[in-house]
Amino acid sequence: MSEELDPNTRGPAREGVIHPEVRAPNDESERGPNGQRLQHAEAASKPIRADAPREPQPRGARIKGNRPVDQAEAAERFLAAPLHQKAHDERLWDVRKKRDTAAHGIPEWEELREIASQIKAHTLTHLDQYLAQFEAAAKANGVHVHWAEDGAAHNRIVLDILRKHGAKSLVKSKSMLTEECGFRHFMAANGIDIIETDLGERIQQLDDEEPSHVVMPAVHKTRLDVADVFARTLGTDPDNDDAHYLAESQRETTRPLILKADAGLTGCNFAIAETGTVVTCTNEGNADLSGNVPPLQIHSIGIEKIVPKVEHLGVFIRLLSRSALGSPITQYTSHFKGPRAGTEMHMVLVDNGRSERLGMEEFWTSLKCIRCGACMNTCPVYRRSGGLSYGATYSGPIGLIIDPTFNKRKYSTLPFSSTMNGSCTNVCPVKINIHEQIFAWRKVLAEEHQIPLLKQGMMKAAGAVLSRPAAYRAAIGAADSALRVLPRFAVYNPANTWGKKREMPHAPRQSFHAWYRQNRMKKEPEA
């Protein structure tokens, strides 16, 4: 392989050299055995070409300590980058359509959703029992089991394990839990070299950004952005944005780091109480490499990932990838049960606010989430504003109901970043009532005065009008009349946020109430 990688340089020794078997076909899309273009999965998405000049990638929300995240400001910057906004919107809607195709291809789809929801509800309401069962089974398999009450405890436990083994480098697969814990930054501060093995996560790591999506961490980036990042960090050709060239360049520079790593860490999609097994689902096989190559193996597990039995796993496996990417199954569904001969395996069960959320009457069902990202792919706000605009580990609809459980003040603005259209609930594979919980969070935040005074005043005024039918009809009539006669500058100004980035609808000549009273409330002629 010396032809592809010069050990004395940071990148490919000769521009554009890649393995012939992964060289892109003319239309750059994957094909099946019959030669037909595949119609599922992210890899089959149509390339998005843009004729406009190159533009810088918009960065995420500006975090200012514990102050409320200004998602709207970050969204404005994303909307002001038309190439990125268009690519992001189209790519995610393409994946959403693939999800629909996959779902409609299974007659029992809605039955699977209902069963999955019931399994999750049962497990969460008996979580203490299943966690104890999982711990006992894992220990019987020769696994060291640890408990972490929060993210800081998780990080300390893993650091202690690494130091006891003299480990200086760790390769890890994608794990939203470790992102939630600030794991990579903590380890870097303590002299441990962390290497992300998931392609999207690696891109984000090299660009010093957090993931913007739970399944596709770098979906907000264009290939030009990735070419810039790799040229700066891996020494690749900055003018070559071919996806195959970029992917293999990352592969060739990361594989040696995997082979030399002292330890490996994976996340967990499902943890089976019956067998003490951790199950990870990937499309790149990176969890297999992280879990099987180094002599020290660590798994970070959110306590809500427990499922009772192996027989229940099949329900979630059928739902997960179809919901996430529209593909029938992930390329790799890996089961980690016990250490290999001569190696050591550790599992860290992490709470980090989950027990507290379990006690929240209106919000505990958010723990059913299997991190498929379907709600993000369908959300019009997320698709047009980018995941980094939320300033939190979890973005999109699921983030709106999870993030305030971590910090009500910091994430108090997020539940208002929704059109409340309910599409997120409709696509959720475990039937979380996401849009209803978003509304419930708005109520909680208003009652606890976690929203700006101006918004509180506006909501109080709106409530007074909406609770009185006569006042509501009078206000609607006045607004319709005003819209028909006011000059444009009086309607489209900073005070009218509904007029930003879109045209106001034409005012109807007659309200529905007036029409109904005129046409449907006439006295019926006597018989």
Side-chain angles (χ1 to χ4, degrees), residues 29-32 34 36-46 88-123 176 213-216 219 269-270 279-283 305 307 311-333 365-384 387 394-401 418-438:
S29 58
E30 301 299 325
R31 295 179 178 274
N34 60 1
Q36 296 295 312
R37 183 177 182 275
L38 295 178
Q39 291 301 314
H40 62 74
E42 182 189 5
S45 296
K46 296 178 182 178
H88 191 260
D89 187 19
E90 291 189 8
R91 177 67 73 236
L92 291 171
W93 189 246
D94 181 48
V95 176
R96 158 66 205 267
K97 289 189 293 185
K98 288 179 170 65
R99 174 264 174 205
D100 292 348
T101 300
H104 294 154
I106 302 179
E108 66 273 23
W109 179 258
E110 290 303 320
E111 184 180 359
L112 284 171
R113 290 181 69 211
E114 181 60 32
I115 293 172
S117 182
Q118 291 179 10
I119 293 171
K120 277 290 187 179
H122 166 79
T123 309
M176 294 307 296
H213 191 285
V214 296
V215 175
M216 301 169 281
V219 70
N269 289 97
F270 308 101
V279 179
T280 64
C281 302
T282 71
N283 284 316
K305 296 300 181 71
V307 295
E311 65 190 66
H312 299 136
L313 180 65
V315 174
F316 297 100
I317 295 300
R318 295 186 71 193
L319 288 166
L320 178 60
S321 193
R322 286 180 170 91
S323 297
L325 298 171
S327 55
I329 195 171
T330 50
Q331 302 299 317
Y332 300 87
T333 302
T365 56
S366 63
L367 290 165
K368 292 182 180 181
C369 177
I370 60 173
R371 306 293 192 267
C372 68
C375 62
M376 299 177 176
N377 302 339
T378 196
C379 176
V381 176
Y382 176 88
R383 295 200 321 266
R384 291 166 176 81
Y394 302 105
S395 53
I398 192 64
L400 305 191
I401 64 175
S418 170
T419 65
M420 300 294 290
N421 61 76
S423 183
C424 48
T425 298
N426 290 338
V427 300
C428 178
V430 288
K431 304 184 78 170
I432 303 172
N433 59 334
I434 300 175
H435 73 290
E436 293 177 350
Q437 291 192 38
I438 294 172

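For reference, positions follow the sequence shown, starting with 1.
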(Q) List the residues meeting side-chain contact (heavy atoms from CB on, under 4.5 Å) with Asn426, not counting sequence neighbours, and say none if there are none. (A) none

Q: Mind checking side chain to side chain donor-acceptor pair (under 3.5 Å) for Asp89 and listing every partner two or more places apart, or none if nothing turns up?
A: Arg383

Q: Would you sort out whether Gln437 and Leu400 count as a side-chain contact (heavy atoms from CB on, under 4.5 Å), showing the intermediate values?
A: CA-CA 9 Å; Gln437 291 192 38; Leu400 305 191; over 6 Å; no

Q: Not counting sequence neighbours, which residues clear side-chain contact (heavy atoms from CB on, under 4.5 Å) with Ser321? List them please.
A: Ser327, Thr330

Q. Hey, does the side chain of Asn377 reach the backbone of Val95 with a donor-acceptor pair shorter than 3.5 angstrom?
A. no

Q.
I'd like to check the salt bridge (Lys or Arg N to Asp or Glu O under 4.0 Å) partners of Glu114; sequence neighbours left out, ordered by chain and number.
A. Lys431

Q | Partner residues of Tyr394 under the ring-ring contact (aromatic ring centres under 6.0 Å, His included) criterion, sequence neighbours left out | A | none

(Q) I want to check something: taking the side chain as every heavy atom from C-beta on, are Leu320 and Phe270 in contact at a cut-off of under 4.5 Å? (A) yes

Q: Evaluate the side-chain proximity of Leu319 to Cys372: yes if any heavy-atom separation is below 4.5 Å, no if none is.
A: no

(Q) Quick check: do Val279 and Lys305 have side-chain heavy atoms less than 4.5 Å from each other? (A) no

Q.
Restricting to non-hydrogen atoms, name the atom on Val381 and the atom on Ser418 that form the minimum distance, rounded to 0.1 Å.
A. CG2-CA, 4.1 Å

Q | Euclidean distance, Ile434 CD1 relative to Cys375 SG, rounded to 0.5 Å | A | 4.5 Å

Q | Any side-chain donor near an acceptor of the partner, Ser323 and Arg99, under 3.5 Å | A | no

Q.
Filter on ring-ring contact (aromatic ring centres under 6.0 Å, His included), then keep only pairs touching residues 102-122, sequence neighbours left out; what's left?
A. His122-His126, His122-Tyr130

Q. Is His312 close to Ile115 at the side-chain level, that is, under 4.5 Å between some pair of heavy atoms?
A. no

Q: Taking salt bridge (Lys or Arg N to Asp or Glu O under 4.0 Å) as the test, write out the residues that go with Glu108, two or more places apart.
A: Arg318

Q. Which pair of non-hydrogen atoms, one from Val215 and one from Ala324, has the smallest distance, and what is that distance?
A. CG2-CB, 4.1 Å

Q) Does any non-hydrogen side-chain atom of Cys424 lie less than 4.5 Å from one of Cys379? A) no

Q) Under a 4.5 Å cut-off applied to non-hydrogen side-chain atoms, are Phe316 and Ile370 in contact? A) yes

Q. Under a 4.5 Å cut-off applied to non-hydrogen side-chain atoms, are Met376 and Val214 in contact?
A. yes

Q. Between CD1 of Ile329 and OG1 of Thr333, what distance do you get to the nearest 0.5 Å?
A. 4.5 Å

Q. Name the one of Lys98, Lys97, Arg91 that satisfies side chain to side chain donor-acceptor pair (under 3.5 Å) with Asp94?
A. Lys98

Q | Residue Glu111 excluded, over 12 heavy atoms near CD under 6.0 Å | A | no

Q. Would a distance-only check, ignoring hydrogens and angles, find a side-chain to backbone donor-acceptor pair under 3.5 Å from Asn269 to Cys281?
A. yes

Q: Taking side chain to side chain donor-acceptor pair (under 3.5 Å) as the test, write out the residues that go with His435, two or more places apart.
A: Thr425

**Q.** Whether Tyr382 and His88 hold their rings parallel, tilted or perpendicular, with breakpoints at 30° and 60°
**A.** tilted

Q) Hey, what do you get for CG (Leu92) to OG1 (Thr378), rounding to the nearest 0.5 Å? A) 10.0 Å

**Q.** Sub-4.5 Å side-chain heavy-atom contact between Ser395 and His213
**A.** no

Q: State which residues pass side chain to side chain donor-acceptor pair (under 3.5 Å) with Thr282; sequence neighbours excluded, sorted by chain then number.
A: none

Q: Apply salt bridge (Lys or Arg N to Asp or Glu O under 4.0 Å) to Glu110 and list each qualifying residue two or more places apart in sequence or on a separate chain.
A: Arg113

(Q) Test of understanding: with side-chain contact (heavy atoms from CB on, under 4.5 Å), list the residues that count as partners of Lys368, not counting sequence neighbours. (A) Ser117, Lys120, Ala121, Leu124, Thr365, Val430, Ile432

